[in-house]
Number of protein chains: 2
Amino acid sequence: MDRRRVTINDIARHAGVSRSTVSLVLRASPRIPPETHDRVQGSIRALGYTYNRSAANLRQQTSQAIGLIINDICNPFFAELTSAVEEAAAEAGFFVYLVESAESPDRQDRVLQSMIEHDVAGMIICPATGTPGRTFDTLHARGLPICIAVRPYPDPRFDFAGPDNYLAAQMATGHLVGRGHRRIAFLGGEPTNPSRVDRLSGYFSALQQNGIAFDPALVVESRPSRKSGIADVEQVLRLAEPPTAALCYNDFVAISVMHGLRLQGLEPGRDMALIGFDGMPEAEMTYPPLSTVSLHARAIGRNAADLIIRRIGEPAAAPARRVEQPTLIIRQSSGA
Amino acid sequence: MDRRRVTINDIARHAGVSRSTVSLVLRASPRIPPETHDRVQGSIRALGYTYNRSAANLRQQTSQAIGLIINDICNPFFAELTSAVEEAAAEAGFFVYLVESAESPDRQDRVLQSMIEHDVAGMIICPATGTPGRTFDTLHARGLPICIAVRPYPDPRFDFAGPDNYLAAQMATGHLVGRGHRRIAFLGGEPTNPSRVDRLSGYFSALQQNGIAFDPALVVESRPSRKSGIADVEQVLRLAEPPTAALCYNDFVAISVMHGLRLQGLEPGRDMALIGFDGMPEAEMTYPPLSTVSLHARAIGRNAADLIIRRIGEPAAAPARRVEQPTLIIRQSSGA
DNA sequence: CTGAAAGCGCTTACAG
DNA sequence: CTGAAAGCGCTTACAG
């Protein structure tokens, strides 16, 4: 930075008016006559002035920043969610600080602190797995607008935007049962992950409704990744009576389960019916194309943005929950 | 926000010292004796004070914000890059404003303006396709630290971090030639995209080196997406003498080319050898697994972050270029 | 219609 | 070692 920043003082001097007048011109006040307006605008162009919104924010006690804390931007589900949040925020004149928590509650704490220091107007948080119940208490006490997203979080004080995991799992399980499967595995996900807890409940309930006994050997736990499904299927394939179908914790896992099946000489879709969760776009392009329950990541992102923007404008509004209904997408992997 | 923010004034009053002293305590000045320090820290805890970094930034004329402008966060290449930028920034005490330009130079202009208003310390820009040459001139004149990333941008005034597209395409083409192919298509990408221009040059040069005549009918242009490859292959399959192999503009395109081949009753890998660019993680899990040239998105992101952080600290340093060397990853899709 | 003054929350010479 | 004062770039009553 060679020369110092051009400020309204410079504009005022150049245009021969006071700082107040420049400020009023910037804010397009009707109290300013056209000639003054044009003269000041001319000086602004002549000097190459750029508004310093941070200074204005300090004075006005406002902020246009929305913090977004997600676990993993490289998961296409979160990428889509982020994109939708960013879009909705931009439309409303906000912009987003993006940070990854990498599922670490510690990192999440540090990030939270940093966001407050940087004076965000509010934040959207996808809680890291293992987030203690009181983590957001001081934020709430301070009146900071917060919207919990994606991960179910049993605290009615906060706005929430997420999918209906329970229903999603019921739909997926029901679909597989409808295709004649009785031994249906549930592959992947960490036991403490609340999304998984809900999906597992939906799975149980659908089994029960259909009079199918639950077999714990068919439920495999693992940290979900782009490869974890390989070991997940392998485990269940070793059973005396292996499953003929599987719900996978998410599409990520499902895609690697396909890979794992092939490593065992089996053909996904034919030798084992597969369905994932999330509805990420790449699921359409796998071979065979992957059945999935779309959770509508973009819609959830937009809901979260809408909720936080509303709360920033109306801090005392009653907390709202926006639960997005899932959609079953049947493709070849479940034998369509 | 019920009560107003707790400030250093409140701390000063509570601890019975002046604002200056509180400030010195916050910045851990050695001039403050332990007793005073502890007393002030006690008040900070008692009142639940949070540092207002925006105010400090205004006073100190600094900023910890790095703007990152990318085209599409839902492209896993950019997701990985973003993740790496965010990580490197956090390590150095910066945080990132993320914005998508969606390949629109207009939107990019608006975003640029907004980032300056919000007083970013510097920015990393993946220029939207079609960005006019003078877009960054005023930013540069103003001395704003800028790092151009990913897309080659022929302006030696700026720091640059990106892949070696030319070499990547040479490697990919050479590999296919080595496997006996003579009719090799180049599928997808927009003609004005500078990354594609470089990849095409590498492809030409490798053909030439191997004494293979260039056939323009084998080069297909299209806006790359998760589905665009379907139409791309279809077009080239209609030729009297169709290709036996294809370079795909990126992995996205390659995956949909696989899909397109199957729609024509052909088997990817066997009936047409395929290789992509980017090296995105999902390429390993396709069927057949996709050969690709890894451009090392994470490394590029980290390079970009390092460069911008260096420039923020040292505005007058000579512009640097960090060109990451690509890696050929051979899998079944090219007949390994 | 326009200007002088105070203040947002902080830091930083400068006194004492 | 600690306090009073000025100032970062802006906005906003309040005069005139």
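All chains are named by letter (A, B, ...) in the order of the sequence lines, taking the proteins before the strands, and each is independently numbered beginning at 1. Because only heavy atoms are used, hydrogens play no part in the values below, and waters and symmetry mates are left out as well, while side chains stay in.
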| request: Could you state the atom-to-atom distance from CG of A:L24 to C1' of C:dC1 in whole Å? | output: 10 Å

| said: Does B:R53 reach a base, just sugar-phosphate, or nothing at all? Heavy atoms under 4.0 Å. | reply: nothing

| query | To the nearest angstrom, how far is A:N9 atom CG from D:dC8 atom C1'? | reply | 11 Å

| message | What is the separation between atom CZ on B:R39 and atom C1' on D:dC1, rounded to the nearest whole Å? | response | 12 Å

| The side chain of A:R59 lies closest to which of these nucleotides: C:dG9, C:dT11, C:dG7? | C:dG7

| request: Kindly say whether the aromatic ring centers of B:F160 and B:Y153 come within a distance under 6.0 Å. | output: no

| message | In this structure, how many angstroms lie between the C1' atom of C:dG9 and the CD atom of A:Q60, rounded? | response | 15 Å

| Non-hydrogen side-chain atoms of B:R321 and B:D159 separated by less than 4.5 Å | no

| query | Between B:S54 and A:D119, is any side-chain donor less than 3.5 angstrom from a side-chain acceptor? | reply | no

| task | Measure from CZ on A:R27 to P on D:dC10 and round the result to the nearest Å. | result | 12 Å

| query | Is any side-chain nitrogen or oxygen of A:Q61 closer than 4.0 Å to OP1 or OP2 of C:dG7? | reply | no

| Who is the Watson-Crick or G-U wobble partner of C:dC14, with both distances under 3.5 Å? | D:dG3

| query | Do B:T129 and B:E190 meet the criterion of a side-chain donor-acceptor pair at a distance under 3.5 Å? | reply | no

| On DNA chain D, nearest-nucleotide positions of A:A56 versus B:T36: which is more 5'? | B:T36

| Taking CZ from A:R31 and C1' from D:dA15, how many angstroms apart are they, rounded to a whole number? | 12 Å

| said: Using a heavy-atom cut-off of 4.0 Å across all strands, would you classify A:T21 as base, sugar-phosphate, or nothing? | reply: sugar-phosphate

| said: What contact category does B:S54 fall into here, base, sugar-phosphate, or nothing, at under 4.0 angstrom with non-hydrogen atoms? | reply: nothing

| task | Kindly assign one of parallel, tilted or perpendicular to the pair B:H118 and A:F95, based on the angle between their ring planes and the thresholds 30° and 60°. | result | tilted

| task | Report the residue (B:G16 or A:R19) whose heavy-atom-nearest nucleotide on DNA chain D is the more 5′ of the two. | result | B:G16

| From D:dT12, D:dG9, C:dT11, pick the nucleotide closest to the side chain of B:L58? | D:dG9

| Quick one: A:N52 CG to D:dG9 C1', roughly how many Å, whole number? | 6 Å

| field | Rounded interatomic separation in angstrom, taking CG from B:N57 and P from C:dC10 | value | 12 Å

| query | Is any side-chain N or O of A:S20 under 3.5 Å from a base N or O of C:dA4, one able to act as donor and the other as acceptor? | reply | yes

| task | Output yes when at least one side-chain N/O atom of A:T7 is less than 4.0 Å from OP1 or OP2 of D:dG9, else no. | result | no

